[in-house]
Every structure is written in C-alpha cells, then in structure tokens.
Amino acid sequence: MTPPSGVMEETRKSKKTTRSPKPSQRATAESMAARQRDISVSEFFAKNRHLLGFDNPRKALLTTVKEAVDNSLDACEEAGILPDITVVIEDLQPDRPATAKSSRYRVTVVDNGPGIVRKQVENIFGRLLYGSKFHRLKMSRGQQGIGISAAGMYGLITTGKPMVIHTRPNASKPAHHIELAMNTKTNRAEVTTDVETQDFPPRRLTQLTAGTRKLAAEGELLDPESYRTGTSVTIELEGRYQRGRGSVDEFLELTAIANPHARIVFIPPTRESAEEEDELLPVKKPGKGSKGKDFQVTDDEGNLVAPAPAAEAAPAAPAAPAAPVQTTETNGVTIFPRAVTELPPETREIQPHPKGIELGILLQMLKEAELERPGYTLYNFLQEKFSRISAATASALCEKIGVGSRTKVTDINHAKAEALFREFQEAKFPPPPTDCLAPIGVKQLLAGMLKGVRAEFYAASSRDAAVYRGRPFQIEAAIAYGGDLPADEPARVIRFANRVPLLYQQSACSSFKAVVDTNWRNYDLNQPKNSAPVGPLVIMIHMASVWVPFTSESKEAIADYDEIRKEMKLALMECGRKLAAYVRKRQRMKRESERRDVFERYIGEIVKAVSEINGTDPKKLYDKLLEQARKRTAAADQILDDEGRVVKTKKEEEPGDDEGVIILETARPIEDHTPREHLNDRAAKVAAQLAAGTFGDDQLPLLDGEPRKRRGKAAPPPKRVAKKASAEPKSKPRRAAKEAKTPKAAPPPPASKPAAKPGKLRMRLINGELVRVDDPSLFGG
Amino acid sequence: MAKKQSKPASGGPTARIKERDAITHAKIVSLADNLVKQTFAGKEPTIAIPTRTKSNTIWNRKRGILQMGSATQDRQLFNLNQAKLFMQSMLHANSIRSLIEAEKTLSLRGMFYKGLHTVAGTKEKTFADQSESDAILEDLEVSLGALREELHIFAKKKGTMIGNITIVDSGDEIDCRKMGSGGDAIPSIVEPDVIQFKKCEAKFVLHVEKDTVWGRFNEDKFWQKHNCILTEGGGQPSRGVRRLLQRLNKELGLPIYCLLDCDPWGHYIFSVIKQGSISLAFESERLAIPDAKFIGVRSSDYKTHQLSDDVQIALTDTDIKRAKEIAAYPWFRDHKGWQKEIAGLLSNGFKMEVESLITKDISYVTETYVPDKLKRKDWLD
C-alpha cells in the first residue's frame, strides 16, 4: 500500500529540490547544449519502427518481404528484365514450443535484376533515405529509399545478425558476397564480410527441402540461366509467419495479380506460428490455408512423400496431428507463373507540374538551379524544370512578375519567387503529361482477377489520367461478383498502389473510403450505412501515380485527396453499372424462366386435352404453343423490366458484349435458376411423350378406362402436313437437334385414329352461331 | 310410368337429351377447335368467358329478373395468373366431353376428382381443391352457354319437398303426400326430362328457410290443412330448389310464399329466389320467380305479435352494411314496401329468426302466424 521508503525519501528529496531556488541544480543552456545533438534518421526510425511497418512480428515479416520484392520488381523493370523472383522464408526455430507466438526467420529474396555495383551496396542496403526514386517523378513501387534498409535494421535489432547480400551486376564476373550491419547512430552500414563468390544464385536455397531439390533439378527454382545477373538479400529477423489476411501469402498472391509479367516462387517456412489476435484476424482456420489454391499454384507436396523420406519433412510431419497450432503442409512450394511476357510500358520521368509545387520547393529548386549552371536564366529554368511550361508561357510568366527573359535565377529574390509562385496558382497550364503512368490495363486486370478470384462476373474499368497537386495519377478498378464468393459478407476490397498490394489500414485508405462512398444500392447490392457493400463481391482498386500519397512511411494506405477519391468513385461506379446491368439481366432471365416454366408446365396438359377433344396432332400443337410461350416470355419480361427499372443505355442490355466485362457461364449457372438445358430437356421429353401418345399415361382417367381419342376429326389435309413439316426444322433448329438426341418417337399417324362416328352431329360455335362441322379450314387454317 | 321407362321412344325426353348432348358436345369441340385455330394463326389462345360480376348484371325491370350483360373476359393462356385456369378449363372441357360420350353424369366433387392429377413433369396438382374445380365449371357453363345439367354435372342434393303433388323422377313415380317426416329430397337436376309433375292438387307453395321450421310445419300437417306444397332450401336455396320452385310457379301456376328470417340474409335469399343472383344471372331465365312473395318474418311482427325481448338478436356492423347494400339494389330501391321493411329492421336494431315465433306457442307459426298472413294477404313482393 505505502510506497517503499526509498521512494518516499526520493519524493521528499525531489520536493525539497523543487522548492530550493538554487539555479545550479537546474539545467542551464550550456548543460542542455551538451546534450543536444543530431538525431540520425536511422535512430529515429529504430525507435519509431511502427512508422515503417514493423509494428509487430507478423507485420515485420511481411514488410521485409514486401520491401525486398518491391525493390526487385522495380529494378527488373527499369533494366527491362522480366522479373523472376524467389522468396524463401526459413524457420530458424523449428523446434520451438507449439504455443510460441513468434520465431526467428531468415527471409531471402532473390531476383534476376540488373544487380548492384559494388560501391553502392552499402548505400542502398545500409542507409535510410537513400535511393534513386525519391528525387524524381517517375512511377515506381519504392519511393523514399527507406524500405529495405529499414528491414535490415529491424533484423539487426531483433536478432543481431547482419544483412547478407549477394549481387552479380555483371554476368561474366563473380558475384559479391557482402554482409553488412547498420550503424543506427551514423546512418551508415558497417561491412563485416566482403568476398567474391561464384555462388549466385545461392545454391543453398535449392537444397532446403525435397520440394526445392526437385524443382531445382527441373530448372524451376533459381535456375542459374535465368539468374545471370541479380541480387539476393537475406535478412534474419524475429517474426511471425501466419497465413490469412495481411500475410506474406496474400501479399504475394495480390502482387501476382497486379504484376502478371512477373514470375514469383515462394518457399514458405515449414510451420505457421501460434495464432494470435491482431487487427486483421481472426483467420479462418482451414479456409485461408487453401486460399493459395485460388491461384495457379504448383503445389508439389505430392511429389515429396514418395521419393524422399526427407529429413526436412520429418519434424513437421509428426507435429501435424498433435500440435494444436495451425500447422500447414511442409515443403509446398508456391509458384506464381508469369502470365504475360511483356513488361509494363516503360514510364517516363517527368518534371514537376507548376500547380503541384509549394513555395519552399520552388525556392529550393531556384537555389539548386543556381548551383547547377551559372547564368541559368529563369526563362530556361521554367521551361526545363517544370512540365507543361512552354516558351510562350515562360515568357508570359517572366513578364507577369516583372523580369525579362534573360533574368538569371540568381536575381530572383524571395519576393519575386513568391510572385512567381502566385502566378503559378493563377495561370492556366495543361494537365501534366500522363505517359509517365503505366496502368495495369483493363485486360490484365480482368486476367488477374480471373486468375485470383472464383467468381461468375468480372468487370474492370480504367479512368483517364487525372491530377492531384500537380501530379498525374490514374485509377483502375475491377470487380468480381458471384460464383463461390461468400454472399453474406462485406465485399473484399483489394487495394494496389503502383502495382503494390496494400494490406493494412484499409479503413484509412482513400480507396476504401471511395468504396464506402459509392452508393452500391444503385447497383442492386446491399450496403449498410457507412460501410462497404455486402454481397459476393471482390473490389479491386489500383492507383498508378508518379507519387502515391501514402498516409505513412509504411505505405499502407493512400491519403484521402478529393481528386483521388473522386476518380476512384467514378471507376467503381463504372464497374457498378456493368455489374448492375448484369445482375438485372440475370434477374430478368430468372423471371423469364419462371414464367416460361409456368407456361410450359401447362401446355402439355392443354395439348393432351385438346387433342382428345378434337383429334389435333398433339406434337404439332405442342410445338406451336411452346414456340409462342418462348416468344411471349421474352416479350413479357421486357415489358416487366421497363415497368420496374429504366434500362439506361442500350449498352447495358448486353453486358456480355461490353468491353471490360467477363462473364463465366461455367463458373456457376445463374443461382437458383434452373438451367435452360434442363428445361429444354424436359420440353423435349414432353414433346416426345406427346408424339408417342404416352404423355400423362401415369394418370388413370376416372371414368373411361382409356383416354379415347377424338374420333370426329379425320386426318387434316395431307398437303398442309407436308408444308408444316418442311417449315419446322427451319424455325426451330434447336428443337430439331434435341429431338435427334431423344429416341425418335414414332410420329403420331393421324390416319390411325378411328374415323368419325357416322351420324353423330358435329357442330361448332362460331360467333355465337352453331355451324355444322365439315369445313377443314376452320381447323387451324 | 311404363311409358317413361321405354327410352328409345322417339320424340320423348330421351331424344331431346340426345339432341341437347350433341349441341353441348359440338360446343366443346368448337372450344378446342378455336384454340387450335388461334394457335396455328400465331395468336394467343383465349377463351371468352362472360363476366359474372355486378357490373355485368342487368336488372330487367320489365321482366323482374337479373340478366347477364354482354361483357366477356378473355382467359389467356400466356398470362401468368390465368395459365393454370386455362389449363383447368381445358381439362374440364375434356372431362365433360367424355361424360357426354359415356352418357353419364358426375357430381361437382366427382368432376374435381375426374380432372385431378399431377401435372406431367412436376409435383403440382391440376386442382388444389374442389372450389377451384367448381369455379372452372361455372366458367365453362357461361362460356359454352350450357347449363350445368347439360354438361352432365349435378350438385349435392339440398332442400326438401312435401305436399299434395305426385311427381315422376327419372321414371319413378313419387307421391309427395307419403313422405313421412323427412320429405322428398330435391335433386340437383329437376329439368322436365328428369322430373315431371303428374298430379297436383296443391294451391300454393310455402317455402321456408330451414329444415327446422319445415319440420315444424310438416309435423303440424300444414300442407294437408292448407292444401299446399311445403319446401325448404337449407338456407340459400340451391339451383335445384330454385328451378323446382320456378317450375311449380310457371308450369302449375302455383304462387310461391317464402317464410324467411327477418335479417339481411333472409332478405337476400328472397331476392335471389325472386330476381336471380349475380353469379348465376345467366340462369335467371329459368330460376327467377318474379311472382314470389315474402310473407315474413317482418320487422313489424315484433310489435304486432307481441314477441318477447328474448328473441332479439342484435344487428352486427356487417348486418347493417349488408342491409344497406340490399336496400340499394335496384329492384328494392324503388319498392316502397321493401324500403320500409329494411328501414324497420335497421330502426329495430335486431334481427329475428322464424323460430322466434315459437316463443308464443309451439305451433303459433303454423296455426296462427302463416294462415293469418295468407288470409290477410299480408306480404311483400
């Protein structure tokens, strides 16, 4: 209860000192100055590692993989190499207790990129905020030059192990093997090992499991031929490997969707970590494990069991039944194959747009220009350092701020610079160029969704490039609907920025807000207030930009700029419209089939009754009525649709013909709707029964033991029969085909019917008058 | 009697039946032919059915009967709500055809079973219940312009007759004076080819609402004392009862006196007997009895016969609504007596059953009430 005496004393003492007026006890400016010193960026991030996406062990593992893969893809694309990336996660504590929440992992990412020249290795991997991508406006995955070095730093902090880099920039020379540890104080790397080696790609990785050995033997894994140059990064870190949302697996799956040109091989660790609640869990127990199978996965687990009583397989195998933790199958190597062999179009680097610049930046640019070229004129500066400023515009701007075209940038004082900045805001410029953007493309989006999501309907849309803060960007969206997707859960939103999947902080992301903002009820989907729509739906949004505004350095969410959200909404709405057109068409088809069902159900009965009454050929009458039923149901439904909802455009009528839409008829026939084939079969069956005269024979007539055919009507004139018969196959080719399949029932010979009873009066009522019946023209003429 | 049994006799009822059947048969065939014709012409098959609604009922003031107007409704095959009805119509048309050919008749219920089976290829039954079947048969009656008996269909027996008359029913002579306490059941079909009047001494017909009252009259031998025929219709009289009354009235010239409850229901029964009903307006010609007289119970009887308070049955809201509707019928609207009678009922605020007269004395109704009314010609028409 009472604090320990020591503490009491201390408190009392400090109270005393507080009261004491003695200044010497307090910090002085001098003493404070002694403690004031530089904070290195590395130190800052070491303390604030959550800013970089290393908040928890699970995310740390993901971020490490993500940064390495992003770098690899960027490097390959820039060098014009089709990326072939191998991701290996080794569990270094396979014998840890089953309940262990985390473990030590060794993450290795090998690419076939251009490699890194020796002298840059320390800078790239050992320094934060060092990179090629920060200073330019070009679309790339990485931006700040933080990622991979931060991952290395995290590894060093948690395990004390340096980062290991193998890189071979020149195919004919040996590779470099460098191990480096980052000094957070100096923001510099300390090289602990630096040797040359021929071991690239590292052979060790191919010998991890029976599966990897087999794949390597087949040339599928780290084939030296495909990795003539390249880089391999190995980081040991404390992490947690668990599948599900926000996992390495999901990241690679989504990366494969957005980068169909890349081949990615993933060798996961032998076991998952113990389950733990975190922001993206709960994970569905067995379901998510099999999620990988949604993709084209080469899972050669089957190969393992037979040839190899492998030692590697041993530790996990007995654990499988015993361990209460989620234990996944061992040695399953996942391969995301390359879907297209074309690299994304090369993007151009652009200069900043005058509208997207701030005053401080402008001043900085002016200062840099001074240094860059003595005697640099403002006129030239404006044209060369900005996009969309022509010579005429440049001179107009010079004139506006009261300087001549030969005025040097050195002569631009602060006031003039500010005036220039104001002019930037007021003047009109064309939007920034958009050839700096490489959108995924509607076709590729659809292909990616098709590969990744089992649905029935896919739609994609691509917006034209737009501008936020002077930076061009482009939004693409795609949706997948129906099929095997869960119908009563909120739609899954998958987000990409410059082809990089965003896995965390969904609700903070502009794209998710755009999904929530969009009124999906307009497209016949359920949508609770202020949330994503509920239904069998996957929504994908991709933002391509020279500079994606992330909310934090961990690059998890896109900042919510009005312009961006608006474009996203427009893209989603376009997809929504396509979806609605499809759903409505589907509903219409369902209604139509129900109606048709009703009619077809009764036509058989009617035909039987009528043919018994007046001896009409049941087959012909049935066909004729069926034909009408089919025609009428289409017409009736059209009217109903017009009454119900207004079909806006003609295009919507046939979403299947629309661009950017895929409908998988095979995925699942329209829900709770009897497939047409089935109905046709039934119709054909009834028709055959009618023709054979066996229709409804299972029902016993109450009175007359055998349904007596109407004998009155003699055979219709043969001439008409011939005409009808010849017309039949033309008008109903489908029927004809069906009948060919069904055992051909003998056509009902009209002549076989008993002739009219002589003497019986045959009359009919025509316009209220009874007329004697012997005019065959009344009968169907 | 023997003469009647010999069926092949030419010119007799049998020949008439043959001829009538041939016509009905032809009507059915033409119904089917019409469907075939429409179908092969690429038109939607339809059956024209005269509408049996109040709006299509015409009050023939001159003749004092309700008649059906000319409005018809097309029953369409390709209409979601009518497709099944269409099928049922054709099934029944076929059933009737086979009945005519077999020269047999079926009850309404029999017809329901005759048409009942599972629609091929489904689990659906052709008729959900008998009421569906009955409605279709009424549709066919009006659509074919043939009466129920012409379609070889009869209804359940309902109603009883006793009195000074001898009839021949399907060749059997029936002396209605020797019917004991039960009386002779009135069949559904009482057409001249089934029932012929042979010998009638009765001077009028007393039709009472229910068999309880009828039993009272029979036990007191009212028909013997007053030389009449005593009938009851079990509430709303069936077509058979109404047709029989109509024939007694038309063919034998007997006046028809009705003793019904003093309530809107009783008034409505009288209205149906006298003018015909809306749903059977097409049969009014042979069912309505414009001469029928309503002798009671009258709303004024409560006072004139000094009935006790106990017989009062309060009018419900439905009763009041119904009474006002009946008062607005064209055939009652211009009838001062009826307007007064219904106004009396409403101002009384209660209804009375015929049995209420029993409170006076067991045989008050047979010995005092009715004879007195008849003597004083105190009735409404």
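Naming convention: chains lettered A, B, ... in sequence-line order (proteins, then strands); numbering from 1 in each chain. Only a predicted model underlies this, so the values are computations on that prediction, with no experimental measurement involved.
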Nearest 0.5 angstrom please: Glu612(A) CD to Asn94(B) CG, how far? 4.5 Å
Region of [X] in contact with chain A, defined by heavy-atom distances below 4.5 Å:
X	value
Gln88(B)	neither
Ala93(B)	both
Asn79(B)	backbone
Leu77(B)	both

Where is the tightest heavy-atom contact between Leu625(A) and Phe78(B), given as atom of each residue plus distance? O-CZ, 3.5 Å
Contact between [X] and [Y] at the side-chain level, heavy atoms closer than 4.5 Å - yes or no?
X	Y	value
Glu605(A)	His117(B)	yes
Leu35(B)	Asn614(A)	no
Tyr602(A)	Met90(B)	no

Heavy-atom pairs under 4.5 Å with chain A: which of Leu91(B), Ile28(B), Leu80(B) has the most? Leu80(B)
Most heavy-atom pairs under 4.5 angstrom with chain A, which of Gln38(B), Lys43(B), Glu44(B)? Glu44(B)
